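Here the structure is laid out as structure tokens; the discussion comes afterwards.
Protein chains get the first letters and strands the later ones, always in sequence-line order, with residue 1 at the start of each. For the numbers below, each heavy atom of this structure counts, side chains included, while hydrogens, waters and symmetry mates do not. Note that the structure is predicted; figures quoted are calculated from it, not measured.
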Amino acid sequence: MRNAEISKILYEIGAFLEMQNIPFKPRAYEKVAEVMEELEEEAGDIYQRGGLTALGKIPGVGVSIAEKIEELLKTGRLKYYEDLKKKTPVDLSGLASVPGLGPKNIKKLYEKLGIKNLSDLEKAARAGKIGKIEGFGAKTEENILAGIEFLKTSGSRFVLGFLKSRVRELEARLKKLKEVERVNVAGSIRRSKETIGDVDILVTSQKPALVMDFFVSQPGISRVVAHGDTKSSVRLENGLEMDLRVVPEESYGAALLYFTGSKDHNVALREIAIKKGCKLNEYGLFKKEKNRDVAVAGKTEEEVYEKLGLSYIEPEMRENLGEVEAAAKGNLPDIIKYGSLKGDLQTQSDWTDGANSIYDMALKAESTGLQYMAVTDHTKRLAMANGLDEKRIVKQWAEIDKVNTKLRAKNSKLKVLKGTECDILKDGTLDLPDKILSKLDVVGVSVHSYFNLDEKTQTNRVLRALSNHNVDILFHPTGRIINKRGAINLNMDEVIKAAKKLGKILEVDAFPDRSDLKDEYIKKCVQVGVKMAIDSDAHSIQHFEYLEYGISQARRGWAEKKDIINAWPLEKMLGFIKH
DNA sequence: GCCGTTTTCGGCCCGACTGTTTTCAGTCG
């Protein structure tokens, strides 16, 4: 049984216990369910490796839950869960996905109306039966119907890089409002998660009601979910939910911290506060005294961290994955800064599936602030992209020479490098011969076919490609495309080990729905000392702006400038890859 | 049910909004 499935069952157990008003246990199960969902290693593998003891090492898993996971792994079933389900035989996950509907009300609906699933729920709501139950009303019934409609039309999470411009627009509109003093986007956007579930915006204002009214009357809103004095919540036509909160100036830092999250990071900070005899909430850090709380900090995030005895933690690192401990010891890495890239090592031109000429790409790269850019068009196996064969790539070199001459003539500092995004064939050999590859400045290789090979075959295929001495970089290593296609079956530990041994570079592809490597693999590379390159994978001049998301991703993976070869000057970078 | 640099027992983050109520429970983040 896979982690996702185990997580769902544990989550449902929590909700069933919640129905029965059992204290604390629901939180324990819910927490474990979240951990399991994010877990890198399959629970099955952990169990194989070290049995119950190893399962117990998963955060939040104790003796009781370890045994339950064991039962699930061994038999595919869990008696404890089935007994709970017998008592209230409902599609809990389905029903709970309706916004505003939780365990308590699901239970009530089952007992009063026999509602077991979403379709029962919709029928009952349409028939006007729900509003008649005690504790429910006409408004609740309406909300349930709207919630069901939302579920039918909404998809998965939103890709950060595809959404950010729209959020920045709204931020700008709010900034223009004279009643608004400060504006900050918080939440997962500020942490630069690769996908985001909703948008949190913070403002300070002397006239909150006005700001709230302005916010809920923005264009493109399909539903106002909440409209209060300090908090409003709207849903856009594309399903995205946005929250706006007005907070007092003296609490701005604490509020920014609180609403930036992550939840786990906040909980860790609160625990530190408690140990210091304080209380931390969105209004500030307070010292608890006899009969009142005295404010200690709150105006800025820096101040709150300082009073907690921590150095400032960048938003991208706030996941409670070791950053709090590092901040306490003053051991935080100096993560790579925005705008610090000097080059881009993966771009496509109109020689294959790019939209712009090499010269236009070069001009745009320069105005983006880069000093070098590798043209890495596809190779012949990728026929649909008009991939280059030996003859055409040799012709392209002449073109690149011309472009460089033209750039020098106008005193440009940009240098265009000869490169390739060479296909890795099914057996791990490459789509261009060594006599061509050896003449290139930058050889990137990537998988564009046979995505479904089993782990061993796929890993060996990639390792074989990496072992070619002309190869410099593995492009978009896992091949995933968010919301479209999962990662190929690659044993990343093996790949990282091989990259270390062979001195190869792994790419952080910044194209928003690739974001590949993802943060946890970046962190591993940093730990082992494998160097990376952050590339735009630009297929048009507009795409250079995506480099920002690659930097976000690298920051989330704790990468420093020394880990990213294209944050280095050209000579140093080339010297390293061609050692 | 989990967890421990105050604890192996006794805690467990905390506040806003909504809807249905006349003081609060449920849900959410």
Side-chain angles (χ1 to χ4, degrees), chain A residues 10 13-19 21-35 55-69 80 95-109 130-144 146-147 186-188 196-200 202 208 212 216 224-234 241-247 251 254-255 257-286 293 309 320 325 328-329:
Chain A
L10 293 172
I13 290 175
F16 279 127
L17 296 172
E18 180 95 49
M19 282 180 186
N21 249 328
I22 294 171
F24 304 114
K25 286 194 194 184
R27 207 68 339 108
Y29 277 100
E30 201 178 290
K31 233 178 136 177
V32 167
E34 278 169 24
V35 170
L55 288 177
K57 294 221 173 79
I58 300 171
V61 176
V63 174
S64 171
I65 293 184
E67 282 171 355
K68 291 187 173 72
I69 296 175
Y80 180 68
L95 289 170
S97 62
V98 177
L101 194 56
K104 301 268 169 64
N105 285 332
I106 290 173
K107 182 173 184 234
K108 218 186 231 176
L109 288 170
I130 288 175
K132 299 203 177 79
I133 305 175
E134 198 188 331
F136 289 73
K139 188 76 198 173
T140 305
E141 188 168 272
E142 210 177 284
N143 286 341
I144 285 176
S188 51
I196 58 163
D198 60 7
V199 180
D200 292 296
L202 284 192
M212 289 294 160
V216 299
V224 176
V225 182
H227 185 175
D229 297 333
T230 64
K231 180 193 163 184
S232 287
S233 201
V234 299
E241 186 162 317
M242 302 212 285
D243 294 344
L244 180 74
R245 296 169 197 259
V246 179
V247 299
S251 309
L257 190 61
Y258 180 83
F259 291 114
T260 297
S262 66
K263 201 169 75 181
D264 289 343
H265 180 82
N266 287 344
V267 169
L269 295 189
R270 280 176 186 222
E271 280 163 7
I272 290 177
I274 291 168
K275 277 179 195 145
K276 290 185 181 289
C278 294
K279 178 178 84 171
L280 177 64
N281 59 25
E282 58 264 54
Y283 297 106
L285 181 66
F286 301 91
D293 296 335
N320 197 26
E325 293 80 356
K329 290 187 201 138

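- Remark: the separation of the C1' atoms in dC17(B) and dG11(B) is 29 Å, to the nearest Å.
- Between dG1(B), dC14(B), dG15(B), one nucleotide has an atom nearer to the side chain of Tyr258(A) than all others, and that is dC14(B).
- A gap of 23 Å separates the C1' atoms of dT5(B) and dG1(B), to the nearest Å.
- Stacking annotation: Phe24(A) is not stacked on the base of dC2(B) (requires ring centroids less than 5.5 angstrom apart and an interplanar angle below 30 degrees).
- Contact annotation for Pro26(A): no contact, since no heavy-atom pair falls under 4.0 Å across all strands.
- You'll find that the side chain of Lys139(A) is closest to dT20(B), out of dA16(B), dT27(B), dT20(B).
- Closest non-hydrogen pair, Val98(A) versus Ile144(A), comes out as CG1-O, 4.2 Å.
- Under the 3.5 Å distance criterion, with hydrogens and angles disregarded, no donor-acceptor pair is assigned to the side chains of Glu282(A) and Ser251(A).
- Distances were taken from every side-chain heavy atom of Lys231(A) (C-beta onward) to each of dC2(B), dG15(B), dC17(B); the shortest belongs to dC17(B).
- Across the protein-nucleic acid pair, Glu134(A) atom CD and dA25(B) atom C1' stand 12 Å apart, rounded to whole Å.
- Heavy atoms of other residues, nucleotides or ligands lying less than 6.0 angstrom from NZ of Lys68(A) number more than 12.
- Atom pair Glu241(A):CD and dC17(B):P shows a separation of 14 Å (rounding to whole Å applied).
- In this structure, of dT18(B), dT27(B), dA16(B), it is dT27(B) that holds the atom nearest to the side chain of Asn105(A).
- Across the P atoms, dT18(B) and dC12(B) are found 29 Å apart, a figure rounded to whole Å.
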